[in-house]
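Note that these values count all heavy atoms, side chains included, but never hydrogens, waters or copies made by symmetry. Because the structure is a prediction, the values reported are computed rather than measured. Letters A, B, ... are given to chains in the order of the sequence lines, protein chains preceding strands, and every chain is numbered from 1.
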Protein chains: 2
Amino acid sequence: MPRFVNKCTRSGNVCSVSRPARRIPDATVARLPLYHRGLMELVRAKRSTVSSVALAELTGVNAAKVRKDLSYLGTYGTRGVGYDVENLLHQIGRELGLTQNWPVVIVGIGNLGRALATYGGFSARGFRIAALLDADVSKVGTQVGGLAIRPTAELEQIVHDEAVAIGIIATPGQAAQDVADQLVQAGVRSILNFSPAVLAVPDDVAVRRVDLAVELQILSFYQQHREEPGLGAADLLADDPLLTLATGA
Amino acid sequence: MPRFVNKCTRSGNVCSVSRPARRIPDATVARLPLYHRGLMELVRAKRSTVSSVALAELTGVNAAKVRKDLSYLGTYGTRGVGYDVENLLHQIGRELGLTQNWPVVIVGIGNLGRALATYGGFSARGFRIAALLDADVSKVGTQVGGLAIRPTAELEQIVHDEAVAIGIIATPGQAAQDVADQLVQAGVRSILNFSPAVLAVPDDVAVRRVDLAVELQILSFYQQHREEPGLGAADLLADDPLLTLATGA
DNA sequence: GTTTGTGAACCACTTCACAGCC
DNA sequence: GGCTGTGAAGTGGTTCACAAAC
C-alpha cells in the first residue's frame, strides 16, 4: 500500500497526481527512458493498455523488474488489466522532466558533434539544441543542421540567455576538461561527455561519460572469453541498459 | 592467496603467466577499459609504477574498487610499491582481448556512422575498421575515412573474408533489426547498437546498446529532481562507468 | 612507513512468489 | 482467470579494515 494514493480511473485521459513517496533507485532511473520509448511506440500503434509482460518484451527488461520499477513512480496500473499507455507515458515523462524541453548546447563540432547536432532523436524526446559551439574560428559561422556554429567565448552568454541546463562535450580529450570548467562556470550542472577524458567537476555537477571505444572493449572481453575457455559467458550483457553511454552511480 | 601464483619481478618487461582462477564480475569488466586508458596515459607520461590510489584518481573509480578489480586478474601488484604500469597495461589488454586487433564492420553510414568511421580512437585501442556498409545504393562507392562504402548485400562475404567478430549498427531504428539478423546470420556474435531499437538476437549473441537520447534523459531526471524537492541528489552519477553510451548491466 | 590483496560486513538491485484486486 | 504491487529471499557489487609483504 503506497503512502500516496493516486489512482487514475478515466483512461484515455492523463491524470497528474501526487508524487511518489520513495526515492527511485538509480538502476530504475536508467531504465525509465527505455519504458518511455517503448510507450511512445505503443501510442503510435494505438494500443491503449499494456501489461508488464508486454512492456518487458518490448524493452528487453524482465517483467518483475518492470512492475517494481513502475511501482516506484506510484500506482498507475490496474490489476487484471495492465497500464494505461498514455497515462503511463505521461507519468514517466514527467518523472524524467521531459515536459521541460531542456535546452542543450553541444561543444565541439567535429564529426561526432555534427552527428549529434543533426540527430533527430533529441527533439522528439524532450530536448532542444540551443547552440553549437566550437573553439576553431574557421568553423564559426558554418551552418550545421540549421544552426550556425558560434565561438566558445559566447558560452556563458548563451547559457544565461537560453537557460541551458545540459552541456554535451564532443571535443577531443585534451580540450574536454577546459570545456567542462567553462560549462560549470557558466552554471551548467549536467554534462554528457563523449570524450575519453575523465572529468573533474564539483560534487553538485552530474556527468555521464560515453566512450565509444570502451563499449567495443567490453564486447571484446566477452568475445574473447567465449572463444578460449570453452564456457560461453554469452548473454551476460543482454539486460544491462546502460551500457549505455557510460556513467552512473 | 591466489590459486595461481603469477608474480612478475622483472619490471620494464612484460610477463605473461597463468590465467586467473575466479570469474571476473561484469561490473569489473566494464571498468577494465577505464584502467586500460588510464595506464596508456601513464605510459605516455613515462611513469613506471602506479598505486591503486593514483590509478583511482586518474579514472574516477575509488581505490578499494581498483584493488579488488585488479585482484581478479591475478597478483600483479607489489606491496609497498604499487603496480608496474607496463605490465598491468599488458595484462588488462590481454584480458580484454585487445591484442587481437578485432576487425569490425559499421553498418549504416549516416552522420553517426561517418563519425564512427573517422573516429581515431578505435584503431588506437584495439580495433580495425574492416568495412563500411550501407543499404543506400547512392552512397555505395563513396569514400569515408579512406574506405569505400559497400552495399549491405556484401555483408556475409566480408564477415567471412575478414573474420569480422564485431558489428556496429548505426542505422535508423526501423532498419536495425534487419541488419542485426544479417549480422547474426553471417556469424557475428557481438553487436554494438547505436539505434534506439531493442534487438532480438539468439542467446549466444552479445549486444550493447548506446542510445544518445537515453543518456540525456537520465541526466534530465537528476537535473529535474535537483531543482524541485530541495534535496540535491547530485553526485549519484559520478562513478558509474557506463554510462557509457548506453546500456549494459 | 607504504601499499597490496582480501575476508567480512554492508548495501543495492533482482527475482520470487503470492495476496489483493480487477 | 488475469495482472498488478510488494514483502521476502536471493544475488552481486561495494566498502571496510587489516594482515601480509615490501
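In this structure, N62(A) places its CG atom 13 Å from P of dA17(C), rounding to the nearest Å. The nearest whole Å value for the distance from the CG atom in D84(B) to the P atom in dC22(D) is 15 Å. Atom P of nucleotide dT3(C) and atom CD of E57(B) are separated by 12 Å, given to the nearest angstrom. Distance, L73(B) CG to dG5(C) P: 10 Å, rounded to whole Å. To the nearest angstrom, C1' of dT4(C) lies 15 Å from CG of N87(B). Atom P of nucleotide dC3(D) and atom CG of L88(A) are separated by 16 Å, given to the nearest angstrom. Distance CD1 (I24(B)) to P (dT6(C)): 14 Å, rounded to an integer number of Å. The CZ atom of R31(A) sits 12 Å away from the C1' atom of dT15(C) (whole-angstrom rounding).
Side-chain atoms of R79(B) and base atoms of dT3(C) include no donor and acceptor less than 3.5 Å apart.
Position along DNA chain C of the nearest nucleotide to R67(A) versus V81(A) favours R67(A) as the more 5'-ward residue. Judged by closest nucleotide on DNA chain C, P25(A) is the one of P25(A) and G80(A) placed further toward the 5' end.
Remark: the N87(A) side chain and the Q91(A) side chain contain an N/O donor-acceptor pair separated by less than 3.5 Å. D181(B) and Q177(B) form a side-chain donor-acceptor contact under 3.5 Å, judged by distance and modelled atom types alone. In the model, R67(A) has a side-chain atom that pairs as donor or acceptor with a side-chain atom of S52(A) under 3.5 Å.
Nearest nucleotide to the side chain of A64(A), out of dC16(C), dA8(D), dT6(C): dC16(C). Among the nucleotides dT6(D), dT4(D), dC13(C), the one closest to the side chain of S71(A) is dT6(D). Residue T75(B) places its side chain closer to dG5(C) than to any other of dG5(C), dG5(D), dT4(C).
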>> Run R125(B) and D211(A) through salt bridge (charged side-chain N to carboxylate O under 4.0 Å, His left out) and show every step you take.
In response: CA-CA 12 Å; R125(B) 286 155 80 190; D211(A) 187 325; 3.1 Å; yes
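K65(B) has no side-chain polar atom (N or O) that falls below the 4.0 Å cut-off from OP1 or OP2 of dG13(D). Residue Y72(A) places none of its side-chain N or O atoms closer than 4.0 Å to OP1 or OP2 of dA12(C). Residue T78(A) places none of its side-chain N or O atoms closer than 4.0 Å to OP1 or OP2 of dT4(D).
Among V61(A), L34(A), L58(A), the single residue meeting the side-chain contact (heavy atoms from CB on, under 4.5 Å) criterion with V66(A) is V61(A).
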